[in-house]
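A quick write-up on the structure given underneath.
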Amino acid sequence: MKIYNTLTNKKEAFESIEEGKVKMYVCGPTVYNYIHIGNARPLIVFDTVRKYLEYKNYEVTFVSNFTDIDDKIIKKANEEGVDYREISSKYMKEFLIDSEGLNVKPATIYPKATEEIDGMIKVIEQLIEKGYAYEVNGSVYFETKKFKPYGKLSNKNQEDLEAGARIAVDTEKRNPMDFVLWKPKKEGEPAWKSPWGEGRPGWHIECSVMAKKYLGDSIDIHAGGEDLVFPHHENEIAQSEAVNDKQFSKYWMHNRFVNVDNKKMSKSLGNFFTVREIVDEFSYDVIRFFMLNVHYRSPINFSRDLIQAAANGLERIQTSRDNLEHLLKNAQQDDYNEKESMLNEEKELEKYKTKFETAMEDDFNTADAISAIFELVKFANKNTDSDSSNKFIEDIIILIDELCGILGIVSKKKKILLDEEINDLIEKRQQARKDRDFALADKIRDDLKDKGIILEDTREGVRWHRG
RNA sequence: GGCGCCAUAGCCAAGUGGUAAGGCAGAGGUCUGCAACACCUUCAUCAUCGGUUCAAAUCCGAUUGGCGCCUCCA
């Protein structure tokens, strides 16, 4: 299995630190709003990475934090005139709802920044002791010059960074590139006690501390959006490796952005769509499928037309799977019939599975993996009919479900329970068709369509599903 | 100014040295009372220029265009 490692800028063979186990840390959301579909990309992508690792029998410990104290949260709380905790707890809940909708497996642990302050203070103290950090007027800064490898993740060197520094130099700092570990309390803001007076932690220290506490000094995979490479992840490396004297993360994975009109979608630019908005019109399943249609290290453009195209594609997979299930109900033979034996099905199915795995092993090429599913679907559509055997159909269904399952793609259409009223109407329509009263038959079909029930007259009888 | 990424059919998108996967949309056909589904057929030489090679979308160089990071940000 190969993973593209931002640290080395190349694809590397994946070898976990401890055999059979993977420790993974993904930077989680700052909870001050509903997530937008840009936020959904890392969620979906790294959940898929996890699912594939688990499919390969790794025991994955997956940690994803909540940044539940931050300038933006405070700002929003002040705007709404409520306590910051009301904001953070509300949007944590909403995040988990979207997360579940997107078929993201819950993290092993979701640590919250505000519950880890003691640990952060301890690490900051250690950094000061070891000479990597210094205190000025209640603020504590990390002195980047003291950490020699600083810049190794983002391929920057201190001189370039200083030359490019656009922020007005904070006179408190010894060096413009130093970053804050602890900031003093401002009037009206929440604060915690510390050896440097009341205040709150800087953003970067959170992740270093939570990763250490729940995963240990060295982890296998650290992931997040590409914008986190610098400064966030660079700073995490500096903090963690300065304290632990060990490599912090072996592999660093970063997803590219979701764009609108080829421009980055972000809360600050205001050109974003929330996941909820899209779910209203399409569905969580379509969003997930849409995201996985593009390799995670390529930018992906978002538009109504593109997501509609993805919805149509997903429908193709689901329709095929539905048809198979329908055939299975009527299938008689238990063992392969002559035609099926000729097809050498097992070997044929192996081909799609191999293509799928090969794609996934190559830095999680989900786009290519999905094409294997489409090829499997084509094979199924082409080679099954009412004469197919149970065994033949079941084998295909199992494989479709397995492959879709790894990607977290829902392979079945959502159905409601058989409603007698609907069945009555369908029978009525069948009678009308027999009587060649097509006007009535079409009216019944149209009426059902208005209620969201789509009828299809297949060779094997009338079928219906939610539109 | 520094660092990095990208350019494949109407649209989306794999492919990183051996002659272009897959999906959406479109066209023609089969099936069907009609429709839908499905199936069959059809639809590109890979931004431009130059180079390396028996062989390049794939490597090198240049040009043009686009994007990201260097500041909160997935």
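Residue numbering restarts at 1 for every chain, and letters A, B, ... go by the order of the sequence lines.
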Original post:
Residues two or more places apart in sequence or in another chain: which of them pass salt bridge (Lys or Arg N to Asp or Glu O under 4.0 Å) with A/R304?
Top reply: A/E281

**OP:** Could you measure between the two C1' atoms, the one in B/A56 and the one in B/G50, and give it in whole Å?
**Re:** 14 Å

**OP:** Mind checking side-chain hydrogen bond (donor to acceptor under 3.5 Å, both in side chains) for A/T8 and listing every partner two or more places apart, or none if nothing turns up?
**Re:** A/E12

Original post:
Looking only at side-chain N and O atoms, does A/N9 come under 4.0 Å of OP1 or OP2 in B/G4?
Top reply: no

Original post:
What pairs with A/D401 under salt bridge (Lys or Arg N to Asp or Glu O under 4.0 Å), at least two apart in sequence or on another chain?
Top reply: A/R321

Subject >> For A/K428, all residues meeting salt bridge (Lys or Arg N to Asp or Glu O under 4.0 Å), sequence neighbours excluded >> reply: none

Extract all donor-acceptor atom pairs below 3.5 Å that involve side chains of residues 434-442 of chain A and protein atoms in other chains or at least two apart in sequence.
unit_1	atom_1	unit_2	atom_2	d
A/D435	OD1	A/Q431	NE2	3.3
A/D437	OD1	A/L440	N	3.2
A/D442	OD1	A/R445	NH2	3.3

**OP:** Name every residue in residues 400-409 of chain A that has at least one heavy atom under 4.0 Å from any atom of RNA chain B, in order of residue number, or write none if there are no such residues.
**Re:** none

Original post:
Using a heavy-atom distance cut-off of less than 4.0 Å, which residues of residues 23-32 of chain A contact RNA chain B?
Top reply: none

**OP:** Kindly say whether, by distance alone, the side chain of A/K72 makes a donor-acceptor pair under 3.5 Å with the base of B/C72?
**Re:** yes

**OP:** Assess the pair A/H222 and A/Y251: is the distance between their ring centroids shorter than 6.0 Å?
**Re:** no

Tabulate atom names and distances for all N/O pairs under 3.5 angstrom spanning the protein and nucleotides 14-18 of chain B.
unit_1	atom_1	unit_2	atom_2	d
B/A14	OP1	A/H295	N	2.9
B/A14	O3'	A/N365	ND2	2.8
B/A14	O2'	A/D368	OD1	2.9
B/A14	O2'	A/D368	OD2	3.1
B/G15	OP1	A/N365	ND2	2.8

Subject >> Pairs touching residues 351-370 of chain A that satisfy ring-ring contact (aromatic ring centres under 6.0 Å, His included), sequence neighbours left out >> reply: A/Y352-A/F379

Original post:
B/G10 and B/C6: how far apart are their P atoms, nearest whole angstrom?
Top reply: 23 Å

Subject >> Which residues share a side-chain contact (heavy atoms from CB on, under 4.5 Å) with A/D362, sequence neighbours left out >> reply: A/K11

Subject >> A/K10/A/D363 salt bridge by N-O under 4.0 Å criterion >> reply: no

Table of protein N/O atoms under 3.5 Å from nucleotides 29-36 of chain B N/O atoms:
unit_1	atom_1	unit_2	atom_2	d
B/G33	O6	A/R433	NE	3.3
B/G33	N1	A/D442	OD1	3.2
B/G33	N2	A/D442	OD2	3.0
B/C34	O2	A/R445	NH2	2.6
B/C34	N3	A/R445	NH1	3.1
B/C34	N3	A/R445	NH2	3.3
B/C34	N4	A/D457	OD2	2.7
B/A35	N6	A/D457	O	3.1
B/A35	N1	A/D457	N	3.2
B/A35	N3	A/R445	NH1	2.9
B/A36	N1	A/D457	O	3.1

Subject >> Interatomic distance at C1', B/G17 relative to B/C46, whole Å >> reply: 15 Å

Subject >> Dot-bracket pairing map - RNA chain B, Watson-Crick plus G-U, both contacts under 3.5 Å, | cross-strand >> reply: (((((((..(((.....[...))).(((((.......)))))....(((((..]....))))))))))))....

Original post:
Which whole-number value in Å describes the distance from A/F230 CZ to B/C73 P?
Top reply: 12 Å

**OP:** Looking only at side-chain atoms of A/P231, point me to the closest of B/C72, B/A74, B/A21.
**Re:** B/C72

